[in-house]
Number of protein chains: 4
Amino acid sequence: MSPRRRDAESTAAARAERRAELLATAAEVFASRGYAATTVREVAEAADMLGGSLYYHFDSKESMVDEILSAFLTEMWAAYDKVTGSGLGARETFEALIVESFRTIHRHRPAVVIYQNESKHLATNPRFSYLTESQGRFREMWLSVLDRGVTDGVFRADLDTGLIYRFIRDTVWLAASWYRGDGPLPAEEIARQYIAMVLEGILTTP
Amino acid sequence: MSPRRRDAESTAAARAERRAELLATAAEVFASRGYAATTVREVAEAADMLGGSLYYHFDSKESMVDEILSAFLTEMWAAYDKVTGSGLGARETFEALIVESFRTIHRHRPAVVIYQNESKHLATNPRFSYLTESQGRFREMWLSVLDRGVTDGVFRADLDTGLIYRFIRDTVWLAASWYRGDGPLPAEEIARQYIAMVLEGILTTP
Amino acid sequence: MSPRRRDAESTAAARAERRAELLATAAEVFASRGYAATTVREVAEAADMLGGSLYYHFDSKESMVDEILSAFLTEMWAAYDKVTGSGLGARETFEALIVESFRTIHRHRPAVVIYQNESKHLATNPRFSYLTESQGRFREMWLSVLDRGVTDGVFRADLDTGLIYRFIRDTVWLAASWYRGDGPLPAEEIARQYIAMVLEGILTTP
Amino acid sequence: MSPRRRDAESTAAARAERRAELLATAAEVFASRGYAATTVREVAEAADMLGGSLYYHFDSKESMVDEILSAFLTEMWAAYDKVTGSGLGARETFEALIVESFRTIHRHRPAVVIYQNESKHLATNPRFSYLTESQGRFREMWLSVLDRGVTDGVFRADLDTGLIYRFIRDTVWLAASWYRGDGPLPAEEIARQYIAMVLEGILTTP
DNA sequence: TATGAATGAGAGTTCATTCAT
DNA sequence: AATGAATGAACTCTCATTCAT
């Protein structure tokens with residue numbers, strides 16, 4: 001490997017790292033102020049640069065969210081696929097998916113918040129059609145688990161699985177907007193209680 | 001009643017009605033496109049007018065959301081207060097509040113969606129401080145019901161009530177973004193299943 | 001004279017009177033806030049009506065200033081013409097013109113203020129070409145008096161009459177912006193002192 | 001001096017210079033068309049830019065006049081203070097102040113015109129309270145000189161000094177609207193004749 | 001005569017984006 | 001890599017004006 005080659009590699013790596021840094025910064029700003037309400041200048045300022053400088057790294061404001069969201073979704077689906085592909089029973093799959101979701105939130109909180117708040121509007125743009133696709137896949141995945149559970153007699157049959165699905169989707173993702181990882185309850189404890197609540201309900205059992 | 005009197009009344013009433021109409025239109029547009037991303041022209045267009053014409057009725061774009069949100073919150077709290085003031089037990093109060101929430105969603109869906117999506121950002125503006133206050137009241141109301149239920153032995157003691165609270169808050173309000181009232185399940189059935197799910201869990205009881 | 005005729009007359013008279021009232025109101029508002037900065041609504045409000053109602057009486061905002069200014073100029077020139085046509089000597093004419101100017105200010109203060117502040121900008125509009133004409137006539141009138149005074153040995157020959165003219169023009173008209181007629185000095189006294197100052201200077205005579 | 005240091009200085013200086021250029025352009029446009037009647041786009045056009053570009057340099061249209069006026073007043077007061085602080089007699093102070101005023105007009109004509117035309121309206125805005133203060137200071141300065149002159153027996157005692165003050169104020173500042181510096185009379189000659197006129201009057205001395 | 005609702009042009013301002021340096 | 005100046009489209013809002021009632 002020639003020195004020249006190594007240089008190219010190291011600068012390419014440095015460049016990728018800088019992008020990642022900037023994206024992380026941007027994600028936080030977008031998450032806290034809202035994508036539409038955030039100006040490019042604000043993002044740049046948070047990264048200690050001037051507005052125009054961001055355009056050396058990114059094509060547009062849009063391409064920033066794009067990268068943020070697609071990176072997050074890619075990683076999330078890799079984790080989900082591992083779970084669903086490991087041949088667990090319905091209840092175990094259910095629990096594992098919930099745990100995995102909280103883990104994703106833990107690792108990509110800003111991206112999750114953006115996804116939660118903006119994907120509906122962004123999805124109208126063809127560029128973000130993958131958001132709609134992801135949502136569909138998400139729905140199918142959960143419905144499949146829930147239906148299997150009902151068939152297996154693990155989950156109640158008197159509840160609409162579509163309703164349960166929405167219920168789970170909403171609470172799991174919205175957790176991103178309040179879960180900080182520095183509260184009194186550790187992540188595992190939250191996941192455990194969450195699972196207990198959904199599975200067994202909040203009533204005392206007689 | 002003199003004719004003059006009647007005239008004054010009818011024009012004042014007509015004006016109030018027009019405002020209400022326009023606010024309803026604005027609420028729908030804000031809800032579907034997002035407040036920040038919606039232009040005043042779009043609102044006006046949806047009301048079959050030109051941009052400037054809205055300013056005959058309202059001071060600003062901001063005052064529109066203000067009216068939309070405060071009207072909705074006023075009505076919602078009146079309903080909640082009736083429930084909490086009627087001396088029901090913890091579980092009955094719990095159920096009644098859920099039902100009331102779904103009713104509110106049914107009547108003010110666009111306002112609820114706006115509240116859900118924008119209140120975090122709007123609340124930074126002193127004009128919308130009532131949003132933060134309302135959120136605080138909401139939290140206290142639910143925690144009081146939940147804690148009472150735990151004390152009375154109706155609700156499980158091994159779950160964090162703060163967690164349950166968030167759980168309920170998120171799912172109830174997010175329901176506004178998917179509940180249309182024209183789906184296969186009627187409102188009461190949704191409320192019933194929702195309550196069953198939260199109270200008893202989704203597992204089959206052995 | 002038939003009753004019908006009298007009615008027509010009285011309504012025409014009433015109408016003219018209303019116009020005059022409205023113009024007086026408008027003049028005051030234009031004078032105190034500036035023509036460009038004054039909105040039609042503000043004028044209407046000062047006359048206890050709504051914005052649109054003024055258009056029953058006047059074609060446009062512009063036509064209001066037009067009427068205000070031309071009425072004032074017509075009256076002013078009638079008075080000046082009387083003075084210049086009465087065969088007085090240069091000094092007497094000078095004094096009479098000054099007195100007449102203060103009288104005009106006294107009677108048309110708002111119009112004078114408007115003239116002072118806005119005529120430069122209005123004059124660019126062909127409709128107000130008479131403002132430029134009036135200014136020219138004004139200049140000629142004063143220069144003629146001053147030159148005659150110099151020729152007659154009444155006024156100093158070592159001063160540029162063009163400079164004196166500007167000097168007089170500025171102070172006389174600007175007096176409109178501070179002269180209220182309710183100060184400690186009565187109008188005649190002001191005119192007297194003003195004349196003394198301009199004619200004899202402010203130095204003590206040795 | 002390091003190159004870095006010099007760069008920082010030169011860019012800061014270049015920036016200040018650009019601001020000054022733009023302000024000079026803006027002042028001319030405001031002076032000739034009136035502040036309220038001038039659009040930001042017109043100012044920009046006069047500076048060969050587009051409307052929005054001005055906002056890179058200035059916060060608002062208002063901040064432009066603010067800078068124009070306060071810069072002018074600061075310089076003017078520095079000059080006046082030098083005169084009043086140099087222990088001259090009443091008459092010499094009087095003459096020096098007049099000369100200084102004409103010099104100020106010569107150097108800041110557009111600013112003076114703006115001050116003359118707009119300060120009354122601008123002063124209602126708290127941001128421009130310094131205009132009112134300056135006016136008060138101006139009045140006190142002149143009255144003090146005039147009163148001293150009367151006491152010393154240099155100026156006539158039979159004229160109201162308040163009237164003389166207004167007289168001087170009006171003519172001096174209004175000179176800005178006609179004095180171009182390119183007329184037949186040079187600045188000093190104008191000041192000389194002006195002083196002669198005010199001090200000795202326009203009558204021939206018998 | 002006057003109202004009240006609406007118009008539509010244009011104002012001040014913001015902001016994503018570009019580009020020479 | 002980053003700066004800083006500028007662009008230009010779009011936005012919120014204002015206001016003279018119109019017109020049915």
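First the proteins, then the strands, lettered A, B, ... as listed; each starts at 1.
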Colleague: List the steps and the verdict of side-chain contact (heavy atoms from CB on, under 4.5 Å) for A:Leu69 and A:Glu118.
Modeller: CA-CA 10 Å; A:Leu69 291 177; A:Glu118 323 284 354; 6.0 Å; no

Colleague: Nearest-Å distance, CZ (C:Phe58) to P (F:dT18)?
Modeller: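 Going from CZ in C:Phe58 over to P in F:dT18 covers 15 Å.
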
Colleague: In dot-bracket notation, what is the pairing pattern of DNA chain E, taking Watson-Crick (N1-N3 plus N6-O4 or O6-N4) and G-U wobble (N1-O2 and O6-N3) contacts under 3.5 Å, with [ ] crossing and | for other strands?
Modeller: .||||||||||||||||||||

Colleague: Rounded at 0.5 Å granularity, tell me how far CD in B:Gln116 sits from CD in A:Gln116.
Modeller: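 Output value for this atom pair is 8.5 Å.
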
Colleague: Going through the distances and angles, do C:Phe30 and C:Lys61 end up as a side-chain contact (heavy atoms from CB on, under 4.5 Å)?
Modeller: CA-CA 10 Å; C:Phe30 286 152; C:Lys61 184 185 175 187; 4.2 Å; yes

Colleague: Side-chain contact, heavy-atom cut-off 4.5 Å: A:Glu62 with A:Asn125?
Modeller: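 In contact.
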
Colleague: Taking only side-chain N and O atoms of D:His57, does any of them lie within less than 4.0 angstrom of OP1 or OP2 on F:dG4?
Modeller: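 Negative; the distance criterion is not met.
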
Colleague: To the nearest Å, give me how far apart CD (D:Glu21) and P (F:dA5) are.
Modeller: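 In whole Å, F:dA5 P lies 12 Å from D:Glu21 CD.
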
Colleague: I want to check something: taking the side chain as every heavy atom from C-beta on, are D:Ile114 and D:Phe72 in contact at a cut-off of under 4.5 Å?
Modeller: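 They are not in side-chain contact.
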
Colleague: Within the structure, does a side-chain N or O atom of C:Arg18 lie under 4.0 Å from either OP1 or OP2 of E:dT1?
Modeller: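 For E:dT1, OP1/OP2 do not have a side-chain N/O of C:Arg18 under 4.0 Å.
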
Colleague: Is there a side-chain contact between B:Tyr115 and B:Ile68 (heavy atoms, below 4.5 Å)?
Modeller: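 Result no, sub-4.5 Å side-chain heavy-atom pair not found.
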
Colleague: Please name the pair of heavy atoms, one in A:Leu122 and one in A:Tyr35, separated by the smallest distance, quoted to 0.1 Å.
Modeller: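 Nearest pair, atom of A:Leu122 first, then A:Tyr35: CD2-CE2, 4.1 Å.
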
Colleague: Go through the steps for D:Leu22 and D:Phe58 under the test side-chain contact (heavy atoms from CB on, under 4.5 Å), then give the verdict.
Modeller: CA-CA 10 Å; D:Leu22 294 172; D:Phe58 305 99; 3.9 Å; yes

Colleague: Over how many whole Å does the gap from D:Lys61 atom NZ to E:dT14 atom P extend?
Modeller: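 Interatomic distance, NZ of D:Lys61 to P of E:dT14: 15 Å.
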
Colleague: A side-chain contact here means heavy atoms from C-beta on lying under 4.5 Å apart; do D:Arg127 and D:Ser63 qualify?
Modeller: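 Answer yes - side chains close enough.
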
Colleague: Which of residues 32-45 of chain D have a heavy atom under 4.0 Å from DNA chain E?
Modeller: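 Going residue by residue through residues 32-45 of chain D, the ones with a heavy atom under 4.0 Å of DNA chain E turn out to be D:Thr38, D:Thr39, D:Val40, D:Arg41.
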
Colleague: Is the closest side-chain heavy-atom distance between B:Glu21 and B:Arg18 below 4.5 Å?
Modeller: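 SC-SC contact between B:Glu21 and B:Arg18 confirmed.
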
Colleague: So do A:Tyr130 and A:Asp66 actually touch side chain to side chain, heavy atoms under 4.5 Å?
Modeller: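 Answer yes - side chains close enough.
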
Colleague: For D:Glu62 and E:dG12, what is the distance between atoms CD and P respectively, to the nearest whole Å?
Modeller: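 Atom-to-atom, D:Glu62 to E:dG12, this comes out as 12 Å.
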
Colleague: Mind running a 4.0 Å heavy-atom check of residues 46-56 of chain A against DNA chain F and sending the residues that fall below it, in number order?
Modeller: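 Under 4.0 Å from DNA chain F: A:Met49, A:Leu50, A:Gly52, A:Ser53, A:Tyr56.
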
